[in-house]
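Nothing fancy with the numbering, it's 1 onward along the sequence.
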Amino acid sequence: MNIKTARTGGLALLAIIIAMAPIGFTNTYFYDVGVNAMFNAIVCVGLNLLIGYAGQISLGHAGFFALGAYGSAILTSTYGLPPLAAMLLSAAVVGLLAFVVGRPILKLKGHYLAMATLGIGIIINIVLKTESKITGGPDGMSLGNFSVLGFSIVGDRMWYWTAGVLLVLTVWLALNLIDSPVGRALRAVHGSEVGAEVVGVDTSSYKVLVFVVSAVFASIVGSLFAHKNGFITPDIAGFFHSVELVTMVVLGGMASTFGALIGAVILTLLPQVLAAVEQYEAMILGAIMMGTMIFMPKGLLPSIVASVKRLGGGR
């Protein structure tokens, strides 16, 4: 089976799982968890392009997520823009911000880059908390339903199907990007920036491009998250949210679109599954993460695929 066939099959399987999963949902709670899992998956698919394929760490993506959420809240509640226009305008502003800050900070490497992106997230979090006249401060903001041409997305079931369609579209876009010359350039940057530059790859431009794309993904999901919940607080821009997103990508498998998706789903569902042993939840979750990184250092999906290939004699 070649790579393109495997990816097409994976995309088809994803669509089937999303379509069939509601058969086992007994109440709206399952739909709500499913929506949150798919929202996280969309952000992680975009973040994986940056971390997994381009090799650039970001600990500030929760800030871009929050800017999308607050952009939609402010533009719809304060200025009366339609939700779709507010979401797109917020994404454009976030993309521009990512471009402006990305050019200087992406010249950094390793922990210096991690600290710089962490600083972006912290600054955004502080601004959202202190500019209370605009953002509502620590108390947060409320906003209405997401509507397009008079049609409103209301209820967990409707949000589930909306998130499902967007997830399939996001994965399709990511897979096409990876198979394009841009994707090959990103892998070259990850492998060796010096080597990539020698063969004519503009490494700086490609790193900024993928940084902007991943930030826009986060912004769009942030806008949808805000409308779905109807209320947001600055906590969504917190450091731990950024770490959680990176952890999802690493757990599922870097440089694997479906791996990032699986990591996001697992880490969204695990706290729900472990709710019965709440006092041990953090310890069990930490043990699972440690075990995965020790025995599957490349992440869940790449490690499983490699094991299956070994068992099958490499065919």
Original post:
Is the closest basic N to carboxylate O distance between Lys228 and Asp32 below 4.0 Å?
Top reply: yes

Transitive ILVMFWY side-chain link [X] to [Y], under 4.5 Å:
{"X": "Tyr160", "Y": "Val154", "value": "no"}
{"X": "Ile123", "Y": "Leu118", "value": "no"}
{"X": "Val35", "Y": "Val165", "value": "no"}
{"X": "Leu267", "Y": "Met283", "value": "yes"}
{"X": "Leu143", "Y": "Phe225", "value": "no"}

So how far is it from [X] [atom1] to [Y] [atom2], rounded to the nearest 0.5 Å?
{"X": "Phe151", "Y": "Met158", "atom1": "CZ", "atom2": "CE", "result": "4.5 Å"}
{"X": "Phe99", "Y": "Leu96", "atom1": "CZ", "atom2": "CG", "result": "8.0 Å"}
{"X": "Thr247", "Y": "Phe240", "atom1": "OG1", "atom2": "CZ", "result": "11.0 Å"}
{"X": "Leu14", "Y": "Leu167", "atom1": "CG", "atom2": "CG", "result": "5.0 Å"}
{"X": "Cys44", "Y": "Leu245", "atom1": "SG", "atom2": "CG", "result": "5.0 Å"}
{"X": "His61", "Y": "Ile120", "atom1": "NE2", "atom2": "CD1", "result": "9.5 Å"}

**OP:** Assess the side chains of Thr117 and Ser58: does a donor N or O sit below 3.5 Å from an acceptor N or O?
**Re:**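 No, because no side-chain N or O of Thr117 sits under 3.5 Å from a partner of the opposite role on Ser58.
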
Original post:
Any side-chain donor paired with an acceptor under 3.5 Å for Thr268 and Asn40?
Top reply: yes

**OP:** Mark yes when over 12 heavy atoms from residues, nucleotides or ligands other than Met141 sit less than 6.0 Å from its CE; otherwise mark no.
**Re:**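 Yes, CE of Met141 has more than 12 neighbouring heavy atoms, counting only those of other groups under 6.0 Å.
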
**OP:** Taking atom CZ of Phe231 as the centre, report whether more than 12 heavy atoms of other residues, nucleotides or ligands fall under 6.0 Å from it.
**Re:** yes

Hey, does [Y] have a side-chain heavy atom less than 4.5 Å from the side chain of [X]?
{"X": "Ile266", "Y": "Met248", "value": "no"}
{"X": "Met38", "Y": "Ile18", "value": "yes"}
{"X": "Pro271", "Y": "Leu274", "value": "no"}
{"X": "Ile232", "Y": "Tyr70", "value": "yes"}
{"X": "Leu300", "Y": "Leu251", "value": "yes"}
{"X": "Leu49", "Y": "Ile178", "value": "yes"}
{"X": "Leu173", "Y": "Leu169", "value": "yes"}
{"X": "Ile153", "Y": "Asn145", "value": "no"}

Please give me the minimum heavy-atom distance between [X] and [Y], naming the atom from each residue.
{"X": "Gly68", "Y": "Ser223", "value": "O-OG, 2.8 Å"}
{"X": "Leu128", "Y": "Thr135", "value": "O-OG1, 2.5 Å"}
{"X": "Gly259", "Y": "Leu301", "value": "N-CD2, 3.3 Å"}
{"X": "Thr76", "Y": "Ala73", "value": "OG1-O, 3.4 Å"}
{"X": "Ser90", "Y": "Leu75", "value": "OG-CD1, 3.8 Å"}
{"X": "Arg157", "Y": "Thr28", "value": "NH1-CG2, 3.5 Å"}

Subject >> Qualifying ring pair (Phe, Tyr, Trp, His ring centres under 6.0 Å) pairs with a residue from residues 176-221, counting only residues at least two apart or across chains >> reply: Phe64-Phe211

**OP:** Using side chain to side chain contact (heavy atoms under 4.5 Å, CB included) as the criterion, point out the one residue from Ser219, Ser72, Pro82 that pairs with Met87.
**Re:** Ser72

Subject >> Steps toward side-chain contact (heavy atoms from CB on, under 4.5 Å) verdict (Tyr112, Ile57) >> reply: CA-CA 10 Å; Tyr112 296 107; Ile57 188 67; over 6 Å; no

Check: [X] side chain, [Y] main-chain N or O, donor-acceptor pair, under 3.5 Å:
{"X": "Asn125", "Y": "Gly121", "answer": "no"}
{"X": "His241", "Y": "Asp235", "answer": "no"}
{"X": "Ser242", "Y": "Ala62", "answer": "yes"}
{"X": "Lys207", "Y": "Leu106", "answer": "yes"}

**OP:** Would you check, one step at a time, whether the test side-chain contact (heavy atoms from CB on, under 4.5 Å) holds for Phe239 with Ile122?
**Re:** CA-CA 7 Å; Phe239 166 69; Ile122 291 174; 5.5 Å; no

Original post:
Hey, what's the ring geometry for Tyr31 with Phe25, parallel, tilted or perpendicular (30° and 60° as the breaks)?
Top reply: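 Correct class here is perpendicular.
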
**OP:** Go through Val249 and Met254 one step at a time and tell me if the side-chain contact (heavy atoms from CB on, under 4.5 Å) criterion holds.
**Re:** CA-CA 6 Å; Val249 173; Met254 293 189 293; 4.0 Å; yes

Original post:
Are Gln56 and Lys109 close enough, and set up right, to give a side-chain contact (heavy atoms from CB on, under 4.5 Å), and what steps lead you there?
Top reply: CA-CA 8 Å; Gln56 308 300 307; Lys109 300 185 189 322; 6.0 Å; no

